[in-house]
K.L.:
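Got a structure for you, written out below as structure tokens; questions coming shortly.
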There are 2 protein chains.
Amino acid sequence: MIQGKSVINGKEVQSKNKASFFTYNAQTSKQLPQQYDNATLEDIDYSCEVAAQVFADYAATSSATRAALLIQIKKELEQNKVAILEQYQLESGYPDGRAQGEFTRTLGQIQSFADLLNEGSYVKAILDVGIEGAPDLRKMHFPIGPVVVFGASNFPLAFSTAGGDTISALAAGCPVILKGHPYHAGTSELVAHAIQIAIQKSDLPAGIFAHLHGESIGVGQRLVEHSKVKGVGFTGSYKAGKALYDIAQKRKEPIPVFAEMGSVNPIFILPNRLASDESLPVDLANSIQMGTGQFCTNPGLIVVSGQATSSFIDQLASEILKGEPATMVHSNISRNYENQLQNIKNQGVTIHKGSLDANCPALGVISAEEVLKNPNILEEVFGPFSLVIQCATTEELNTIAEVLPGQLTATILGEPNELKENKQLLATVQQKVGRLLFKGVPTGVAVSPSMNHGGPFPASTDSRFTSVGTSSIERWLRPVCFQDCPQDLLPEALKDENSLQIFRTLNKQLTKSIV
Amino acid sequence: MIQGKSVINGKEVQSKNKASFFTYNAQTSKQLPQQYDNATLEDIDYSCEVAAQVFADYAATSSATRAALLIQIKKELEQNKVAILEQYQLESGYPDGRAQGEFTRTLGQIQSFADLLNEGSYVKAILDVGIEGAPDLRKMHFPIGPVVVFGASNFPLAFSTAGGDTISALAAGCPVILKGHPYHAGTSELVAHAIQIAIQKSDLPAGIFAHLHGESIGVGQRLVEHSKVKGVGFTGSYKAGKALYDIAQKRKEPIPVFAEMGSVNPIFILPNRLASDESLPVDLANSIQMGTGQFCTNPGLIVVSGQATSSFIDQLASEILKGEPATMVHSNISRNYENQLQNIKNQGVTIHKGSLDANCPALGVISAEEVLKNPNILEEVFGPFSLVIQCATTEELNTIAEVLPGQLTATILGEPNELKENKQLLATVQQKVGRLLFKGVPTGVAVSPSMNHGGPFPASTDSRFTSVGTSSIERWLRPVCFQDCPQDLLPEALKDENSLQIFRTLNKQLTKSIV
């Protein structure tokens with residue numbers, strides 16, 4: 001069923017480009033038989049032009065129509081679950097539990113956007129009407145235009161082809177041009193096929209979803225440069241995300257790029273908690289190794305102070321040393337992990353690692369004093385690793401918080417009293433993060449309206465938006481105000497009768513009332 | 001009372017910089033006596049460092065505290081109204097009616113943000129709590145950090161020192177570093193003084209509002225580059241706005257720049273309406289000349305087709321020819337107006353202008369065919385001018401809509417039937433604008449929750465946000481999610497009891513209920 005071809009406007013592209021690539025069995029690093037054609041400049045241009053042509057029609061569909069499309073996508077994915085997960089496990093090396101979990105999460109995400117559309121208030125209708133001497137003003141949110149989404153290597157389903165970026169953009173009314181991640185091109189193609197069948201069954205224009213294969217970074221770059229593209233969604237490394245952001249800002253018309261680029265997700269543990277909570281070493285060791293450390297919210301930094309520091313480090317190191325080497329999604333990522341470990345070792349970090357084998361969990365230890373002399377040590381090591389920073393005093397712990405760059409999450413663990421006594425730490429950390437935890441571990445990102453997955457630069461390129469949860473639809477919407485528009489020309493959400501029965505701000509009151 | 005000094009952290013800066021500048025009587029172009037010191041690099045750095053130091057404390061104030069500050073600013077402005085308006089009229093040349101109107105508008109804006117804060121739901125609290133097996137998640141919006149605001153030449157009050165950008169940022173909880181516009185440095189200083197007195201009387205840190213004088217563009221550039229600055233508000237020319245945007249994107253940490261950069265605000269008039277509406281020439285001529293054409297929403301383009309085209313142009317030209325030369329805010333702007341007129345005349349536009357005097361209203365006429373050959377003709381002529389494009393057919397009118405760049409506003413005037421018959425035109429135009437009018441003229445931007453003043457690039461740098469109306473506070477806010485946070489450490493808006501009685505999304509229901 002996998003053909004290795006890009007699909008644009010509902011048709012397989014017979015690429016004239018000779019360049020092609022393969023995916024690999026993540027367990028064995030052996031090349032898989034299917035060959036994939038790199039999208040050409042012509043393919044890129046065609047996919048963007050088609051998306052722009054169908055944009056107005058797709059943008060004009062009702063929220064209910066788009067909700068029905070999402071439900072259809074969900075159905076098609078369910079029907080193809082076996083084939084998709086087989087390819088997923090081949091290409092990612094993730095175990096069955098993870099595969100099932102990510103699949104379920106992906107369907108749950110789709111359902112949550114369908115629910116959001118059916119409820120309908122996400123268009124943020126604001127009306128100021130019937131005011132003496134003032135015009136009739138009605139504002140709501142509309143889709144921004146065609147969007148390019150990049151599949152993420154570490155989540156072949158939930159952050160890739162039918163992941164949060166694609167689904168939120170389709171929900172908003174934006175056509176999507178999906179650049180599949182080359183590490184899981186086969187999985188991506190199968191998922192894309194499910195989306196394309198769903199579009200066809202929903203009688204919507206085929207041009208609202210294109211799937212492009214590409215191993216060359218040029219494919220992504222040319223997509224972001226294309227004048228018809230109005231927004232970009234990306235999850236991945238700082239280097240790649242920032243490069244796409246820079247390209248987008250240098251365009252004649254700059255466009256928003258929502259790049260979620262990773263983070264060390266510091267965990268601050270206050271002295272009394274460190275001394276009293278015996279479950280910490282095991283819980284943290286599990287979180288560090290979850291998904292072979294390939295989560296955006298992997299706890300890569302643990303900052304501790306107080307008398308229990310040494311015994312905590314000993315216990316945590318002993319837990320980590322028990323860890324078995326596990327598969328990473330690609331040999332490049334595995335190689336990178338080993339290089340980064342070597343790099344921080346060279347900078348003076350003590351490394352605890354059970355074996356020399358690739359992908360083996362590891363723990364680093366260093367003093368706060370050394371970190372303050374060389375903050376480069378704080379750079380993310382992507383993999384099953386965490387760096388423990390030993391602080392001599394709580395003041396030093398505050399100082400570490402101050403020098404940290406922006407993060408997706410931070411966790412502060414403390415006894416009730418010591419949390420109250422450290423309000424300055426809480427305030428400092430809050431300024432650096434998108435999500436602040438007081439319990440548990442940062443891995444495990446709930447898909448809910450209250451979730452915030454994003455954070456101050458360099459964790460993401462725009463801290464005002466989340467890439468997980470229903471609020472992520474806001475990335476693809478912009479307001480338009482209608483002044484003195486005849487009723488019959490107004491969008492449904494702005495008409496007097498409020499037939500959609502949505503919440504609207506009517507003359508400054510939030511209400512479902514008619515005008 | 002005007003000292004010509006920047007004020008940082010509540011104290012006048014005795015600048016060591018020898019460079020200084022003057023403002024001018026806009027009517028006579030004569031230099032006014034007061035000398036103003038350009039802010040130095042040291043001043044810029046100090047203002048940003050102080051703003052960063054007080055940020056956490058100011059961000060932690062209640063919405064009620066900030067509402068009280070805004071009301072106090074309003075009081076101080078009212079008490080200094082005579083002095084402020086005297087300087088305003090000297091420096092801008094605007095007549096008394098405009099001065100009174102802009103002053104009232106400025107106070108109204110401040111009141112609307114105070115009301116927004118007192119109501120309190122703008123923090124967008126979203127709670128998902130008490131769900132089996134899921135963490136306790138509570139999200140709300142917080143200020144992004146210190147913000148730089150640039151005064152605008154054309155609105156010395158409403159879009160300058162105590163204008164929408166400053167007031168929305170202070171309302172959000174962001175310290176503001178205000179770069180006064182050099183054309184009205186005296187007005188700016190008087191207004192800044194009123195803000196500073198209000199801050200003092202409110203017992204808030206003086207560092208939350210700095211006022212810097214600067215004629216050199218370097219002052220603005222260095223401010224935008226400063227690492228402690230987290231956002232920028234600007235209203236002015238494309239050239240200046242885009243330059244600031246580019247600087248902000250090239251920083252190590254890119255930051256959002258909300259530059260509202262102008263627009264030709266096209267008015268499309270459909271054939272039957274053009275033939276039947278006799279009031280059009282007078283109404284349009286008035287709108288074109290309002291404020292000597294120095295409004296962001298000045299109708300700089302009128303696109304017509306149909307049999308009545310010639311007689312409409314004759315009548316509109318005759319109204320424009322009756323117009324008297326009026327004062328512009330600065331001789332530079334006046335000179336620029338004349339140069340731009342000459343420039344489009346050289347490109348083949350027929351110019352109707354009553355006299356050769358500077359600032360005299362003018363009308364340009366050209367065929368759609370010529371415009372399509374040379375779309376550069378569509379560039380904004382800032383001043384009391386409009387360009388009429390004659391279309392041979394309604395299709396040509398559609399084509400003009402398609403080639404137009406992003407706009408703050410567009411107006412479509414048509415009889416009910418012809419509006420319905422031209423839905424394609426409406427859809428095309430909607431994609432290009434932030435506000436779409438069906439009656440009246442685009443000048444006159446109501447300050448209300450439903451207003452949208454912004455639009456696709458190049459009208460503004462971020463079409464997802466407005467710079468007028470209470471929604472503009474969203475530019476300075478970002479979400480933070482608290483996971484499993486103890487009640488006593490939660491911000492008031494997220495606590496179970498909802499003591500602020502705001503609307504919150506609680507387990508997907510919009511409600512004022514307690515948890």
Side-chain angles (χ1 to χ4, degrees), chain A residues 55-56 60 119 121 126-128 134-135 137-139 142 144-145 245-246 249 253-254 256 416 419-420 426-428 430-431 433-440 446 448-452 454 456-458 461-464 466 471 477-486 488-489 503 505 508 510, chain B residues 55-56 60 121 126-128 134-135 137-139 142 144-145 245-246 249 253-254 256 406 416 419-420 426-428 430-431 433-440 446 448-452 454 456-458 461-464 466 471 477-486 488-489 503 505 508 510:
Chain A
F55 170 56
E119 195 283 326
S121 305
I126 307 183
L127 294 76
D128 291 295
L137 292 170
R138 300 166 191 239
K139 175 168 74 172
F142 290 90
I144 57 171
Y245 180 85
D246 288 343
Q249 301 322 310
E253 176 194 355
L419 285 173
K420 271 183 226 164
L426 272 63
T428 304
Q430 188 185 317
Q431 286 185 31
V433 304
R435 180 163 56 110
L436 185 52
L437 295 88
F438 293 86
K439 211 169 106 181
S448 67
S450 56
M451 178 45 64
N452 189 46
F457 190 90
T461 47
D462 194 336
S463 67
R464 289 163 307 161
T466 176
S471 299
L477 297 169
R478 71 174 182 92
V480 178
C481 172
F482 292 79
Q483 182 165 334
D484 295 318
C485 181
D488 57 349
L489 297 176
F503 270 107
T505 304
K508 302 186 184 170
L510 201 53
Chain B
F55 169 56
S121 305
I126 307 183
L127 293 76
D128 291 295
L137 292 169
R138 300 166 192 240
K139 174 167 77 171
F142 290 90
I144 57 171
Y245 181 83
D246 288 343
Q249 302 321 312
E253 175 193 354
L419 284 174
K420 272 182 229 167
L426 271 63
T428 304
Q430 187 186 316
Q431 286 186 29
V433 304
R435 180 162 55 110
L436 185 52
L437 295 89
F438 293 85
K439 211 169 107 180
S448 68
S450 55
M451 176 46 64
N452 190 44
F457 190 89
T461 46
D462 195 336
S463 68
R464 291 164 305 161
T466 175
S471 300
L477 296 169
R478 72 174 182 92
V480 178
C481 172
F482 293 78
Q483 182 165 333
D484 296 318
C485 181
D488 57 349
L489 296 176
F503 270 107
T505 304
K508 302 187 184 170
L510 201 53

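A note on names: the letters A, B, ... follow the listed sequences, proteins ahead of strands, and every chain is numbered from 1. Basis for what follows: all heavy atoms, side chains included, without hydrogens, waters or symmetry-related copies.
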K.L.:
Quick check for you: to the nearest 0.5 Å, what is the distance between B:Cys481 atom SG and A:Asn452 atom CG?
P.N.:
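Reported value, rounded in 0.5 Å steps: 6.5 Å.
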K.L.:
Identify which part of A:Ser463 has an atom lying under 4.5 Å from any heavy atom of chain B, answering side chain, backbone, both or neither.
P.N.:
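For A:Ser463, heavy atoms of backbone and side chain both lie under 4.5 Å from chain B.
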K.L.:
Can you tell which part of A:Ala56 gets under 4.5 Å to a heavy atom of chain B, answering side chain, backbone, both or neither?
P.N.:
both
K.L.:
Side chain, backbone, both or neither: which part of B:Ser448 has a heavy atom under 4.5 Å from chain A?
P.N.:
both
K.L.:
Can you sort out the partners of B:Asp246 under salt bridge (Lys or Arg N to Asp or Glu O under 4.0 Å), two or more places apart, ordered by chain and number?
P.N.:
B:Lys242
K.L.:
Between A:Gln430 and chain B, which part of the residue has a heavy atom less than 4.5 Å away: side chain, backbone, both or neither?
P.N.:
both
K.L.:
Look up atom CG in B:Asp462 and atom CZ in A:Arg464, then write down how far apart they are to the nearest 0.5 Å.
P.N.:
5.5 Å
K.L.:
Give, as side chain, backbone, both or neither, the part of A:Phe482 having an atom under 4.5 angstrom from any heavy atom of chain B.
P.N.:
both
K.L.:
Where does B:Leu489 contact chain A at under 4.5 Å (heavy atoms): side chain, backbone, both or neither?
P.N.:
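Side chain only.
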K.L.:
Given that the side chain runs from C-beta out, which part of A:Pro479 has a heavy atom under 4.5 Å from chain B: side chain, backbone, both or neither?
P.N.:
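Both parts, heavy atoms under 4.5 Å.
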K.L.:
Hey, could you give me the CZ/CG distance between A:Arg435 and B:Leu137, rounded to the nearest 0.5 Å?
P.N.:
7.0 Å
K.L.:
Which region of B:Thr461, side chain (C-beta onward) or backbone (N, CA, C, O), has a non-hydrogen atom less than 4.5 Å from a non-hydrogen atom of chain A, or is it both or neither?
P.N.:
neither
K.L.:
Where on A:Leu426 is there a heavy atom nearer than 4.5 Å to chain B: the side chain, the backbone, both, or neither?
P.N.:
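Contact with chain B involves the side chain of A:Leu426 alone.
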